[in-house]
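Input: one structure, supplied below.
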Amino acid sequence: MQVKRLHTKQIFISQKTWIASHGIELFGLVLVMISFILAAVFWRFFAAHRYRQARFLQKGLSVFIFEEWENFALLAGLGLIFGSWFGLVLFKSNSYLGLLIYELFGFLLSNIYLIFSLKKSLTKEDHS
C-alpha cells in the first residue's frame, strides 16, 4: 500500500492556497506600493537642490511645496494610469474595485508622505 500526500508543500505554503496560486499578483501589488513610496522618497531627496534654486528666485516655501507636489502628483498619476492599464492587460480578475482602492490608497499615501517630508526637511534647511 502506498501513502499519498493530500497537500504538497512549496517551502512553507500549501500548493492549494490562495497565495500559492496568486503569488505573482501578490508580488505585483507589493511592488506597486513599494514603488509609490520610493518615488516620493527620491522626489524629496532631489527637491533640496530645486529648493535652493527657488529660494534664489524668491519663491516661498509653501509655493515651492505646492509646485513640487503638483508635478509629483501628475507624474505619479500618469504612472498609476499606465501601470493599471498594463496590469489589466497582463492579469485577469473578477472585480477591479479592490485593486483600484489599493492603488488609490498607495497614491494618496505617497502624496501625503511627500508633502509632510518636504515641509519638514525644507524648513530645517531654511533655519540652518
Side-chain angles (χ1 to χ4, degrees):
M1 178 181 243
Q2 198 171 28
V3 177
K4 184 177 178 184
R5 289 185 182 254
L6 291 177
H7 294 286
T8 58
K9 294 212 178 236
Q10 178 181 7
I11 304 176
F12 296 108
I13 302 171
S14 174
Q15 286 282 55
K16 301 294 182 188
T17 62
W18 181 89
I19 293 174
S21 59
H22 297 284
I24 293 176
E25 289 94 344
L26 183 64
F27 176 72
L29 289 174
V30 170
L31 192 64
V32 164
M33 191 62 69
I34 289 171
S35 66
F36 271 130
I37 299 301
L38 281 178
V41 167
F42 283 131
W43 197 279
R44 182 191 64 81
F45 179 72
F46 292 114
H49 178 67
R50 290 190 299 272
Y51 181 59
R52 282 186 225 107
Q53 292 173 343
R55 277 193 355 203
F56 179 75
L57 297 173
Q58 298 180 352
K59 285 187 182 179
L61 178 64
S62 58
V63 171
F64 177 77
I65 290 175
F66 177 76
E67 289 175 351
E68 287 295 307
W69 168 76
E70 187 178 41
N71 291 326
F72 176 79
L74 174 69
L75 294 176
L78 287 173
L80 176 70
I81 290 168
F82 288 118
S84 298
W85 178 78
F86 180 72
L88 293 176
V89 169
L90 194 61
F91 302 113
K92 303 285 185 240
S93 178
N94 294 333
S95 173
Y96 295 107
L97 180 64
L99 178 64
L100 181 65
I101 292 170
Y102 178 82
E103 288 179 342
L104 288 176
F105 174 74
F107 178 76
L108 290 174
L109 184 69
S110 65
N111 278 280
I112 291 169
Y113 169 78
L114 178 75
I115 291 169
F116 285 119
S117 66
L118 275 176
K119 186 176 282 192
K120 182 180 177 183
S121 67
L122 296 178
T123 52
K124 190 185 303 181
E125 186 175 313
D126 260 352
H127 296 311
S128 60

Shortest non-hydrogen separation from Glu103 to Phe36 and the atoms involved: O-CE1, 3.7 Å
Reported CG-to-CG distance for the pair Leu114 and Leu109, which is rounded to 0.5 angstrom: 11.5 Å
Considering all heavy atoms, the nearest Tyr102-Leu29 contact: OH-O, 2.7 Å
hydrophobic_cluster_shared for Phe107 and Leu100, side chain cutoff 4.5 Å: yes
Gap between atom CG of Leu118 and atom OH of Tyr113 - 0.5 Å precision: 9.0 Å
Side-chain (Tyr51) to main-chain (Leu122) donor-acceptor, under 3.5 angstrom: no
Verify same cluster id: Leu99, Met33 (apolar side-chain graph, 4.5 Å): yes
Between CG on residue Asn111 and CZ on residue Phe72, distance to nearest 0.5 Å: 5.5 Å
Inter-residue atom distance Glu68.CD - Ile115.CD1, 0.5 Å rounding: 11.5 Å
Whether over 12 other heavy atoms sit under 6.0 Å from Gln58 CD: no
Joint hydrophobic cluster, Leu31 plus Leu38, side-chain heavy atoms closer than 4.5 Å: no
Non-hydrogen side-chain atoms of Arg52 and Phe56 separated by less than 4.5 Å: no
Arg50 CZ to Phe64 CZ distance, which is reported to the nearest 0.5 Å: 6.0 Å
Heavy-atom closest pair, residues Ala40 and Ser110: CB-O, 3.6 Å
Distance-only donor-acceptor pairs under 3.5 Å for side chains of residues 73-83, two or more places apart:
none

